[in-house]
Amino acid sequence: MPRKADARLEGRILNAAYHMWSTRGEQALTMRAVATASGTTTPTLYERFSNKDDLLSLLRRRARLNLFSAIKPSRTPAQVCRRVLDFFAAHPNDYRLISEDWAIAFARREHMPSFEFLKRSLATQLGGKPDQHTPVALALVALLHGTATLLHSADSHKKVSRDFRRACLSAYESLIRAASAQSAHSKWRLQDSRQHLHNR
């Protein structure tokens, strides 16, 4: 009788690959090492993933979902930003996975749960619809990305890291104040226009 396919093999492969990437980074992630760690052979691994990039694509999706799980309890955009920095500090290899093709994924309009969550959080605080806050959300992503890069630099001292983090959150507050003022101004202009039309 032919051997039955192992339905759980792909899950074992992804779990093994993700553990290797998260703990030891890209250099440890070879197809042979993943096959050994997941209890299969290299040819069998290649039957499911044609190359390392295919495997990385699924690992990137898992890293994005892990980031989303980390920020989901947030009640404000400020909490989102703090939790993003905490996640990236605790998971530097996940940060690399998420950030290295973020712009490409955004341009392709791929599903990005954390970015959508951030926009909804901004809408809750500032009013309006989530998509209206895309520019502010992009500015915050750039701010968080730059800060995370600095925090991961090899020469980053603890005090310097705290300074970077404080500067990031201070810049966030400035962005939110500016966005809030702009939103209030837009509402005032809209109400003024409606009043003007009503009085005509």
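All figures in this text were calculated on a predicted structure; none of them were measured in a lab. Just the heavy atoms: all of them, side chains too, but no hydrogens, waters or symmetry mates, feed the values below.
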What donor-acceptor contacts under 3.5 angstrom involve side-chain atoms of residues 79-86, with partners at least two apart or in another chain?
from	atom 1	to	atom 2	distance (Å)
Gln79	OE1	Arg75	N	2.6
Arg83	NH1	Ser74	OG	3.0
Asp86	OD1	Arg165	NH1	3.0
Asp86	OD1	Arg165	NH2	2.9

Just verifying a value: how many Å separate [X] [atom1] and [Y] [atom2], rounded to the nearest 0.5 Å?
{"X": "Ser99", "Y": "Leu67", "atom1": "OG", "atom2": "CG", "value": "11.0 Å"}
{"X": "Ile13", "Y": "Leu45", "atom1": "CD1", "atom2": "CG", "value": "5.0 Å"}
{"X": "Ser174", "Y": "Leu169", "atom1": "OG", "atom2": "CG", "value": "11.0 Å"}
{"X": "Thr134", "Y": "Gln132", "atom1": "OG1", "atom2": "CD", "value": "9.0 Å"}
{"X": "Leu14", "Y": "Ser38", "atom1": "CG", "atom2": "OG", "value": "9.5 Å"}

Closest approach of [X] and [Y], non-hydrogen atoms and distance?
{"X": "Ala179", "Y": "Leu126", "result": "CB-CD1, 3.8 Å"}
{"X": "Trp102", "Y": "Met112", "result": "NE1-CE, 2.8 Å"}
{"X": "Tyr172", "Y": "Ala78", "result": "OH-N, 3.0 Å"}
{"X": "Met20", "Y": "Ala37", "result": "SD-CB, 4.1 Å"}
{"X": "Ala70", "Y": "Pro73", "result": "O-CD, 3.5 Å"}

Anything under 3.5 Å between a donor and an acceptor, one on a side chain of residues 24-36, the other on a protein residue two or more places apart or in another chain? List them.
from	atom 1	to	atom 2	distance (Å)
Glu26	OE1	Arg96	NH2	2.9
Thr30	OG1	Ala33	N	3.1
Thr36	OG1	Arg32	O	3.1

Take Ile176 and Gln125 through the test side chain to side chain contact (heavy atoms under 4.5 Å, CB included) and record every step on the way to the result. CA-CA 9 Å; Ile176 293 301; Gln125 179 167 328; 3.2 Å; yes
Let me have the donor-acceptor pairs involving side chains of residues 57-65, under 3.5 Å, with sequence neighbours excluded, atom names and distances please.
from	atom 1	to	atom 2	distance (Å)
Arg60	NE	Leu97	O	2.9
Arg60	NE	Asp101	OD1	3.3
Arg60	NH2	Glu100	OE2	2.5
Arg62	NH1	Asn15	OD1	2.8
Arg62	NH2	Asn15	OD1	3.2
Arg64	NH1	Glu110	OE1	3.3

Can a donor-acceptor pair be found between the side chains of Ser121 and Thr124 at a distance below 3.5 Å?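 Absent: no donor and acceptor within the cut-off.
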Under the salt bridge (charged side-chain N to carboxylate O under 4.0 Å, His left out) definition, can you give me all pairs with a residue in residues 121-142, not counting sequence neighbours?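 Of all non-adjacent pairs touching residues 121-142, those that pass salt bridge (charged side-chain N to carboxylate O under 4.0 Å, His left out) are Lys119-Asp131.
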For Arg166, what residues pass the salt bridge (Lys or Arg N to Asp or Glu O under 4.0 Å) criterion, not counting sequence neighbours?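 Counting only residues at least two positions away or on another chain, Arg166 forms a salt bridge (Lys or Arg N to Asp or Glu O under 4.0 Å) with Asp163.
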Test side chain to side chain contact (heavy atoms under 4.5 Å, CB included) applied to Leu140 and Leu122, step by step: CA-CA 11 Å; Leu140 289 173; Leu122 288 166; 4.3 Å; yes
All pairs passing ring-ring contact (aromatic ring centres under 6.0 Å, His included) where residues 18-61 contributes a residue, at least two apart: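 Non-adjacent pairs meeting ring-ring contact (aromatic ring centres under 6.0 Å, His included): zero.
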Do [X] and [Y] have side chains that get closer than 4.5 Å, going by heavy atoms?
{"X": "His111", "Y": "Pro113", "answer": "yes"}
{"X": "Thr44", "Y": "Leu9", "answer": "yes"}
{"X": "Leu138", "Y": "Phe115", "answer": "yes"}

Evaluation steps, ring pair (Phe, Tyr, Trp, His ring centres under 6.0 Å), between Tyr95 and Phe87: CA-CA 8 Å; Tyr95 164 71; Phe87 180 85; 9.7 Å; no
Given ring pair (Phe, Tyr, Trp, His ring centres under 6.0 Å), test His152 with Phe88 step by step and report yes or no. CA-CA 9 Å; His152 290 151; Phe88 286 159; 7.3 Å; no
